[in-house]
Engineer: 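Right, I'll just put the structure down here and ask away after.
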Amino acid sequence: MARKPSGGWGKFFFGLLAGVLCCAIAVGVFALCRKGGAETKLEGSGFDSPEAAMQAYLDGLLNGDAEKAISSFAIETFTAHFDWKTYAERRSMYLPNSYSPDWFGAEQVNLAVRFRDAAGALYTQYRLIALADTPYDMQDGIDAVHFDSANDLENFTREFADDDIRSNMHVEEIMCAEEYPDADFQERYASEANTKNREGLRKECGADELCTVFASVSFDGEQYWFAMETACYDGVWYNLSLNGNGGALLGLPAYGIGIVE
């Protein structure tokens, strides 16, 4: 017996709309990759070390160079090596707004999702830092800024475009997780459970090696930590994701920067 679809036309419409939007993102990304009829890559040429990959991202963030920051991530390389089955098994679920299983459009969709995630991570991190300690601070779960007076929009725009990040934030030191100076962290990072977790992540990404990188930065007289997961493919290092496994163990915010107590 045929089963009656649940949700009626509303769910069908929004499902169709989501599919159209995903295709639109994919088309947009591939348009970027074919400027002037010649193929270009969204990612850069990679780096000799995990620390160099992190440095490139920070240079882009602190100097207002979004292209440099985003291209420090593995995008085409990640997509080419990505193992969707391992990804799904590790989460025990399918997330329709994330990477696609194998079908005729999977490569294009996954490339679009990967670019979206890299660009979105940079945008979110900049936003959280730029608006911190302002009336528009969004680090405490606020998901929208409302403009209730005539001056709110102007004030928000000024705060968002403030140059505090470039002028007041300075990179002090960059190190791999194995060098992080805390015995309790090192014990948890090297534990059997975490080693198994990292091996699953490595297989999911199809990488040869992973390394969480920390950057100590000074901002308005305080010391903060950035964290980044990096991945090595065929001897070349790229950024993989903000925060990463090591950052999560330290309790750093997913997209922001944090003070480690």
Side-chain angles (χ1 to χ4, degrees), residues 14-35 39-46 53-54 56-61 64-88 90-91 93-131 138-139 142-145 160 201 204-207 210 226-231 233 237-245 247-248 253-257:
F14 285 111
L16 180 62
L17 178 60
V20 170
L21 290 175
C22 284
C23 290
I25 293 172
V27 169
V29 168
F30 272 83
L32 287 172
C33 292
R34 294 178 178 273
K35 294 178 181 177
E39 286 198 23
T40 59
K41 294 184 70 176
L42 295 167
E43 69 185 22
S45 57
M54 167 68 108
Y57 174 82
L58 291 174
D59 287 346
L61 175 67
D65 188 341
E67 182 176 355
K68 182 171 185 176
I70 294 169
S71 66
S72 70
F73 286 88
I75 299 178
E76 287 90 348
T77 298
F78 173 89
T79 303
H81 291 81
F82 177 66
D83 184 340
W84 184 85
K85 184 178 180 181
T86 301
Y87 172 84
R90 292 184 71 229
R91 290 159 180 76
M93 68 177 71
Y94 164 61
L95 301 171
N97 64 339
S98 189
Y99 298 104
S100 168
D102 190 23
W103 68 295
F104 68 88
E107 181 180 354
Q108 292 91 333
V109 169
N110 288 342
L111 182 60
V113 170
R114 181 64 183 156
F115 179 80
R116 178 202 69 187
D117 288 352
L122 171 66
Y123 173 59
T124 301
Q125 186 163 72
Y126 174 85
R127 170 174 56 79
L128 291 174
I129 298 172
L131 297 178
M138 301 184 74
Q139 298 196 66
I142 300 173
D143 58 3
V145 172
F160 195 85
L201 176 60
E204 172 185 309
C205 301
L210 298 178
F226 275 90
M228 180 80 75
E229 194 70 60
T230 65
Y233 296 91
W237 287 91
Y238 299 88
N239 289 318
L240 187 63
S241 63
L242 293 185
N243 207 30
N245 167 253
Y255 292 104
I257 58 176

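Side-chain atoms are counted along with the backbone in the values below, which use heavy atoms only and exclude waters and symmetry mates.
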Engineer: Are F115 and F73 an aromatic pair, judged by ring center distance below 6.0 Å?
Structural biologist: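 Not close enough - the centres of the two rings lie 6.0 Å or further apart.
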
Engineer: When rounded to the nearest 0.5 angstrom, what is the spacing between OG in S100 and CD in Q108?
Structural biologist: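 Between atom OG of S100 and atom CD of Q108 there are 10.0 Å.
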
Engineer: Could you measure the distance from the CD atom of E229 to the CE atom of M54? Nearest 0.5 Å is fine.
Structural biologist: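 That separation rounds to 10.5 Å.
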
Engineer: Quick one: CZ on R116 to CG on L111, what's the gap to the nearest 0.5 Å?
Structural biologist: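 One finds 12.0 Å between CZ of R116 and CG of L111.
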
Engineer: When you compare the side chain of N239 with that of T230, does any pair of heavy atoms fall below 4.5 Å?
Structural biologist: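 Counting from C-beta outward, T230 and N239 do come under 4.5 Å.
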
Engineer: So, does R114 use its side chain to make a donor-acceptor pair with the main chain of A74 at under 3.5 Å?
Structural biologist: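 Answer holds: yes.
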
Engineer: Are the side chain of E76 and the backbone N or O of L42 linked by a donor-acceptor pair below 3.5 Å?
Structural biologist: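 It does hold such a pair.
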
Engineer: Indicate yes or no: at least one non-hydrogen side-chain atom of M228 is less than 4.5 angstrom from one of L242.
Structural biologist: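 Yes, side chains in contact.
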
Engineer: So does D83 get a backbone contact from the side chain of Y99, meaning a donor-acceptor N/O pair under 3.5 Å?
Structural biologist: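 Not at all, since once roles are kept as given, no pair shorter than 3.5 Å links the two residues.
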
Engineer: Whether the side chain of S72 engages the backbone of A69 through a donor-acceptor N/O pair (distance < 3.5 Å, no angle test) should be reported.
Structural biologist: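 At least one qualifying donor-acceptor pair exists.
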
Engineer: Which atoms form the tightest heavy-atom contact between H81 and T77, and what is the distance?
Structural biologist: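 Closest pair (atom of H81, atom of T77, distance): ND1-O, 2.8 Å.
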
Engineer: Short question: side chain of E43, backbone of I75 - any donor-acceptor pair under 3.5 Å?
Structural biologist: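 It does hold such a pair.
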
Engineer: Could you give the distance from OH (Y57) to CD1 (I70), rounded to the nearest 0.5 Å?
Structural biologist: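 Rounded to the nearest 0.5 Å, the OH-CD1 separation comes to 9.0 Å.
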
Engineer: Do the non-hydrogen side-chain atoms of L61 and L122 ever get within less than 4.5 Å of each other?
Structural biologist: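 Yes - at least one pair of side-chain heavy atoms lies under 4.5 Å apart.
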
Engineer: Within this structure, what is the OH-OH distance for the pair Y238 and Y233, rounded to the nearest 0.5 Å?
Structural biologist: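 Going from the OH atom of Y238 to the OH atom of Y233 covers 9.5 Å.
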
Engineer: Could you tell me whether Y94 atom OH has more than 12 heavy atoms of other residues or ligands within 6.0 Å of it?
Structural biologist: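 Correct, the count exceeds 12.
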
Engineer: Kindly compute the distance separating CG (L201) from CG (N245), expressed to the nearest 0.5 Å.
Structural biologist: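 Between atom CG of L201 and atom CG of N245 there are 7.5 Å.
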
